[in-house]
Amino acid sequence: MTNPIRTRFAPAPTGFLHVGSARTALFNWLFARNCGGEMWLRIEDTNAALKAQAYVDAIIEPLRWLGIDWDSGPHFQSDRLQEYEAAIERLITSGHAYYCNLTAEEVKQKAESSGLPPGYHGWSRNRSIEDGPGVVVRFRSPDSGTTTVNDLIRGQVHFKNETLEDFVIRRGNGSPTFHLANAVDDHDMGISHVIRGEDLLNTTPRVLLIWEALKYGKPATYAHLPLLVNSKRQKLSKRRDDVALNEYRERGFLPEALVNYLALLGWGPTDGVEIRPLEEIIRLFDLTTVKPGSAFFDRNKLAHFNATYIRSLNPEELAERAEPFLTSGKDRTTDDSGDSRQKNTTQNTDTQDRRRNTDYRNTRVASNSTSPTCKVKSAAAGNVVTTLAADIQQRVTTLSEVPNWVQWILEDTITYDGKAWQKVMLKGHLVVEVLTEVATRISEDSFTSPERIESIVMGVGDELTKRSGVRVLSQAPVRVAVTGTNVGLPLWKPLELLGKDKTLARLSLAIERLRNSNTSNKKSRE
RNA sequence: GCCCCCAUCGUCUAGUGGCCUAGGACGCUGGCCUUUCACGCCAGUAACACGGGUUCGAAUCCCGUUGGGGGUGCCA
């Protein structure tokens with residue numbers, strides 16, 4: 001029987017899935033799927049502080065959302081403590097490990113006072129310390145020779161054993177460290193390829209040393225993926241950068257867009273086609289051609305991918321997937337606050353991000369949707385989105401922007417954008433005449449098709465232009481009157497959806513408002 | 001300090017000694033389309049870090065320099 005290809009994704013449950021971890025998971029998965037192998041999921045929770053079901057869910061759930069599945073697991077290291085203890089016992093018996101009672105603080109002081117470089121220098125090797133509370137177990141690293149990591153991406157990486165210090169394999173509280181658990185698990189689980197971030201490359205010789213001491217035979221093949229970095233080319237970090245995968249979901253990114261984009265960070269298909277179906281990516285994926293240099297996580301390009309994927313959705317799909325963004329019980333401004341937080345944390349990197357988001361939010365009215373009305377609203381919203389899908393799709397980058405374009409159809413009240421009002425209504429020619437005439441003709445019309453509505457509105461503009469000798473725009477004032485602003489979807493279909501009554505009501509409201517401001521202007525001039 | 005990794009347009013990449021006057025994509029700029037905003041289409045911008053080798057020939061191989069990053073925990 002030949003050894004099967006088997007990879008593993010082994011995150012530490014730290015509260016959420018990091019985009020870097022998601023990329024690691026994805027590459028493990030792509031590699032396994034490409035060569036007909038398996039991927040196992042293992043939760044690295046040897047550190048007691050990391051044990052909590054909520055933390056585990058925070059990893060598993062986003063993985064599922066991305067569509068990354070696994071063939072076995074999740075396996076928990078916290079369930080395998082006996083195995084680790086047995087391995088530690090074997091290492092002590094064989095002389096590969098020994099007890100040490102120095103605390104981290106003492107090690108630091110010793111290094112300082114002895115003038116040696118920082119770190120532990122084998123002080124307890126021959127002190128014959130007995131096991132006991134607070135006593136750690138250290139691995140006795142060889143004093144000579146070389147440990148070589150066979151890496152599919154970087155070739156052979158050599159470490160001089162003399163530079164490897166006697167590291168801890170069991171903590172003072174009795175729990176194993178991840179180097180030890182890694183070696184034991186990868187062996188016991190028959191992992192053939194270890195694919196992980198480059199930040200772990202330096203710890204690999206430790207695992208290899210343990211592996212050898214435990215007489216496990218031929219070690220796994222490694223592949224250390226290039227780090228994902230921010231615009232300053234530093235490793236993506238929780239503090240500085242937007243790394244929680246869930247936030248991308250909440251901002252309206254599509255999992256397929258994220259997966260497609262992530263796959264291209266460090267790897268690229270030879271034919272240069274970037275946006276393509278997952279099946280093709282799986283087929284073309286080749287770990288050995290992964291580029292070793294670090295990769296900037298470019299939200300701009302992600303946005304482009306997302307926009308492209310949104311445009312490829314059919315109308316029903318769009319409505320379905322935008323649904324959570326349209327009907328969430330909370331005020332939609334909550335969504336914006338998420339945005340602005342992000343702007344604060346990364347203002348140096350992505351001022352560009354906002355460029356695509358037409359700031360089209362002045363029409364927003366607080367929606368205190370309770371659940372019965374919520375359902376009705378949801379159905380109405382779904383219908384609106386489905387009907388206008390093609391027009392919406394060209395204008396959004398994320399699903400969370402969908403409401404911005406249709407809110408005015410769904411809300412009962414209207415809010416005017418000050419600038420738009422100023423520009424179109426106050427500075428336009430014959431605005432009151434246009435709106436009055438349009439209203440009159442609409443009230444006499446069946447209002448049954450976008451074409452009819454268009455010909456009414458445009459017709460009024462043409463006629464007034466002829467009659468007055470100046471160019472009179474009619475679409476713009478109608479748009480402001482009805483939607484509240486001067487930027488929006490092609491008007492005619494949405495108008496039909498809004499309905500004759502509401503359209504007329506909004507036209508008269510605008511006319512009234514215009515007359516009021518005119519008279520007050522006159523008064524103030526007198 | 002020590003150890004390790006990396007280096008093609010601003011960014012993600014194609015490129016594995018001749019097909020390279022270096023291709024694609026994002027971004028940016030300009031144009032076309034358009035009575036809003038977009039989408040779409042067309043065009044333009046822009047790179048092999050530097051210095052030595054090896055070779056008839058180097059973005060591709062070797063060495064060095066510089067620059068960047070990661071690690072240096074009883075985190076993973």
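It should be emphasised that the depicted structure is a prediction, and the values quoted were computed from it without experimental measurement. Letters A, B, ... mirror the listed sequences (proteins, then strands); counts begin at 1.
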Separation of atom [atom1] in [X] from atom [atom2] in [N], rounded to whole Å:
X	N	atom1	atom2	answer
A:Ile275	B:rC26	CD1	P	8 Å
A:Trp267	B:rG24	CH2	C1'	14 Å
A:Glu165	B:rG1	CD	P	18 Å
A:Leu208	B:rC3	CG	P	20 Å
A:Arg479	B:rA38	CZ	P	12 Å
A:Lys232	B:rG70	NZ	C1'	17 Å
A:Lys291	B:rA59	NZ	C1'	13 Å

Query - Set of side-chain contact (heavy atoms from CB on, under 4.5 Å) partners for A:Ala263, sequence neighbours left out - result: A:Leu26, A:Leu30, A:Ile281

Taking only the side-chain heavy atoms of [X] (C-beta and beyond), determine which of [options] contains the nearest atom.
X	options	result
A:His304	B:rU36, B:rC4, B:rA25	B:rA25
A:Gln394	B:rA38, B:rG1, B:rA7	B:rA38
A:Arg233	B:rG68, B:rC74, B:rC6	B:rG68
A:Asn202	B:rC74, B:rU16, B:rG71	B:rG71
A:Glu198	B:rG69, B:rC12, B:rC37	B:rG69
A:Asp199	B:rU35, B:rG24, B:rG70	B:rG70
A:Gln234	B:rG69, B:rC74, B:rU13	B:rG69
A:Arg395	B:rA7, B:rC37, B:rA76	B:rC37
A:Leu201	B:rC37, B:rC5, B:rU35	B:rC5
A:Thr270	B:rG71, B:rG1, B:rA14	B:rA14

Query raised in the report: Salt bridge check: are A:Arg42 and A:Asp186 linked by an N-O gap of less than 4.0 Å?
Result: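 A salt bridge links A:Arg42 with A:Asp186.
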
**Report entry** Euclidean distance, A:Thr203 OG1 relative to A:His224 NE2, rounded to 0.5 Å
**Finding:** 6.0 Å

Query - Which residue lies more 5' along RNA chain B, comparing A:Tyr120 with A:Ala476 via nearest heavy atoms - result: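 Nearest nucleotide further toward 5': that of A:Ala476.
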
Query raised in the report: Taking atom types as modelled and ignoring hydrogens, do the side chains of A:Thr148 and A:His158 form a donor-acceptor contact shorter than 3.5 angstrom?
Result: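 There is such a pair (donor and acceptor under 3.5 Å, judged by atom type) between the side chains of A:Thr148 and A:His158.
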
Query raised in the report: Ring centroid separation for A:Tyr261 and A:Phe297, is it under 6.0 angstrom?
Result: yes

Query raised in the report: Would a line drawn from the ring center of A:Phe285 to the ring center of A:Trp267 be shorter than 6.0 Å?
Result: yes

Query raised in the report: Does any residue of residues 149-164 of chain A have a heavy atom under 4.0 Å from RNA chain B, and if so, which ones, in number order?
Result: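 Contacts with RNA chain B under 4.0 Å: A:Arg154, A:Val157, A:His158, A:Phe159, A:Thr163.
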
Query raised in the report: side chain to side chain donor-acceptor pair (under 3.5 Å) with A:Arg276: which residues, sequence neighbours excluded?
Result: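 Scan of A:Arg276 (side chain to side chain donor-acceptor pair (under 3.5 Å), adjacent residues dropped) gives A:Asp271, A:Glu280.
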
